[in-house]
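Read through the structure below, which is laid out as structure tokens, and then see the notes.
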Amino acid sequence: MPDAAVAACPAQPSPPVRSTPLPLRGTLLGFDFGLARIGVATGELETGQASALTTVHAESDSARFQAIAALIAEWRPVALVVGIPTHLDGSAHALTARCRRFANQLHGRFGLPVLPCDERLSSVAAEAELSSAGVKHWRARKPVLDAVAARLILQTFLDDLRHDRT
């Protein structure tokens, strides 16, 4: 039987860290990594639902990981999901290696399973979602855009996981 966590988001060539089977219940944190901001979402394995949580705006790596450590302490996730950007044809994006490095750093710092998820067009979808929700001006969208993109990444992961488990 294939590992459901690896089977989720199958467009990824290989996970950045060794994956482990996920329990049927528990919280996940999802990340949309960016050089300036990191969007964070939370989701539940039991319900299969993800929600935008926050955006980490810290400039230094130590401040970023300190903010993430606080979120991990508060939410106590069983695993972390990191969006890995690729071009539409599946080839590596300019940020692909940086996102994989971020995923490896999360695993190394927090010892939690870190699972990759294809994030193609997540920011475009997040922009469209916010615009259709009436958040028209870019200044209003910018603070929440990355958290919404993280929610979309995590929701994709949860949807794929649910599909693989049935």
Side-chain angles (χ1 to χ4, degrees), residues 5 8-12 15-16 22 26-61 63-88 90 92-103 105-106 110 112-164:
C9 297
Q12 290 307 104
L22 292 173
T27 299
L28 299 175
L29 287 181
F31 296 90
D32 178 35
F33 175 82
L35 298 177
R37 295 173 307 278
I38 300 172
V40 186
T42 184
E44 293 298 324
L45 288 167
E46 187 172 19
T47 64
Q49 296 298 307
S51 301
L53 185 58
T54 190
T55 302
V56 175
H57 295 276
E59 296 206 13
S60 72
D61 277 349
R64 284 176 164 208
F65 283 109
Q66 194 171 28
I68 292 168
L71 292 170
I72 288 173
E74 178 181 352
W75 289 91
R76 300 191 173 278
V78 297
L80 308 174
V81 175
V82 175
I84 307 293
T86 58
H87 292 290
L88 291 177
H93 184 277
L95 283 178
T96 301
R98 294 287 297 265
C99 291
R100 289 192 182 280
R101 180 172 176 243
F102 173 69
Q105 288 174 319
L106 287 173
F110 304 110
L112 291 167
V114 179
L115 306 162
C117 187
D118 184 352
E119 74 160 61
R120 278 180 265 191
L121 301 177
S122 63
S123 293
V124 173
E127 285 271 4
E129 186 176 300
L130 289 169
S131 182
S132 69
V135 186
K136 301 288 185 194
H137 197 271
W138 70 271
R139 286 184 194 257
R141 285 194 308 262
K142 187 176 178 180
V144 296
L145 178 65
D146 298 299
V148 172
R151 182 192 63 78
L152 292 171
I153 292 165
L154 187 53
Q155 190 63 59
T156 297
F157 181 87
L158 289 166
D159 291 347
D160 289 348
L161 185 61
R162 179 181 297 162
H163 179 266
D164 291 338

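Not measured: the values here are computed from a predicted model.
- Heavy atoms only, all atoms of each residue included: Cys99 and Phe33 are closest at SG-CD2, 3.7 Å.
- Atoms CD1 and NE2, on Ile38 and His57 in that order, are 10.5 Å from each other to the nearest 0.5 Å.
- Judged by distance alone, with hydrogens and angles left aside, the side-chain atoms of Thr96 form a donor-acceptor pair with the main-chain N or O of Pro85 at under 3.5 Å.
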Any chance you could lay out the side-chain contact (heavy atoms from CB on, under 4.5 Å) test for Arg37 and Val56, step after step, and finish with the verdict? CA-CA 6 Å; Arg37 295 173 307 278; Val56 175; over 6 Å; no
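- Residues forming a side chain to side chain donor-acceptor pair (under 3.5 Å) with Ser60 (at least two apart in sequence, or on another chain): Ser62.
- With sequence neighbours left out, Ala50 forms a side chain to side chain contact (heavy atoms under 4.5 Å, CB included) with Arg151, Leu154, Gln155, Leu158.
- Ring geometry, Phe110 versus Phe65: the interplanar angle falls from 30° to 60°, so the pair is classed tilted.
- For Ala97, the side chain to side chain contact (heavy atoms under 4.5 Å, CB included) criterion is met by no residue, not counting sequence neighbours.
- Here Gln105 pairs with nothing under the side chain to side chain donor-acceptor pair (under 3.5 Å) rule; sequence neighbours left out.
- Inter-residue side-chain proximity for Arg98 and Leu35 is flagged as met; some heavy-atom pair is nearer than 4.5 Å.
- The 12-atom threshold is exceeded at CZ of Arg64, counting heavy atoms of other residues, nucleotides or ligands nearer than 6.0 Å.
- Taken to the nearest 0.5 Å, the CG atom of Leu95 stands 12.0 Å off from the OG1 atom of Thr86.
- In terms of the side chain to side chain donor-acceptor pair (under 3.5 Å) criterion, Glu59 has no residue partners (sequence neighbours excluded).
- Taking Ala79 as the reference, Leu22, Leu28, Pro113, Leu115 meet the side chain to side chain contact (heavy atoms under 4.5 Å, CB included) condition, with sequence neighbours excluded.
- In this structure, the separation between CG on Leu80 and CG on Leu112 is 5.0 Å, given to the nearest 0.5 Å.
- Taking both residues in full, the closest heavy atoms of Phe31 and Ile153 are given as O-CD1, 4.1 Å, listed atom of the first, atom of the second, then distance.
- Across Ala147 and Ala52, no two heavy atoms sit closer than the pair O-CB, 3.5 Å.
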Pairs of donor and acceptor atoms involving the side chains of residues 68-75, under 3.5 Å and at least two apart or interchain, shall be tabulated with distances.
none

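- Here CZ of Phe157 is found 12.5 Å from CG of Asp118. Values are rounded to the nearest 0.5 Å.
- Within the 4.5 Å cutoff, side-chain heavy atoms of Leu106 are placed close to those of Val82.
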For the pair Leu45 and Leu161, evaluate side-chain contact (heavy atoms from CB on, under 4.5 Å) and give the outcome as yes or no after the intermediate values. CA-CA 9 Å; Leu45 288 167; Leu161 185 61; 3.5 Å; yes
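- A side-chain contact (heavy atoms from CB on, under 4.5 Å) with Leu29 is found for one member of Val81, Leu53, Val78, Val114 and no other, namely Leu53.
- A search for side chain to side chain donor-acceptor pair (under 3.5 Å) contacts involving Glu44 returns Thr27, not counting sequence neighbours.
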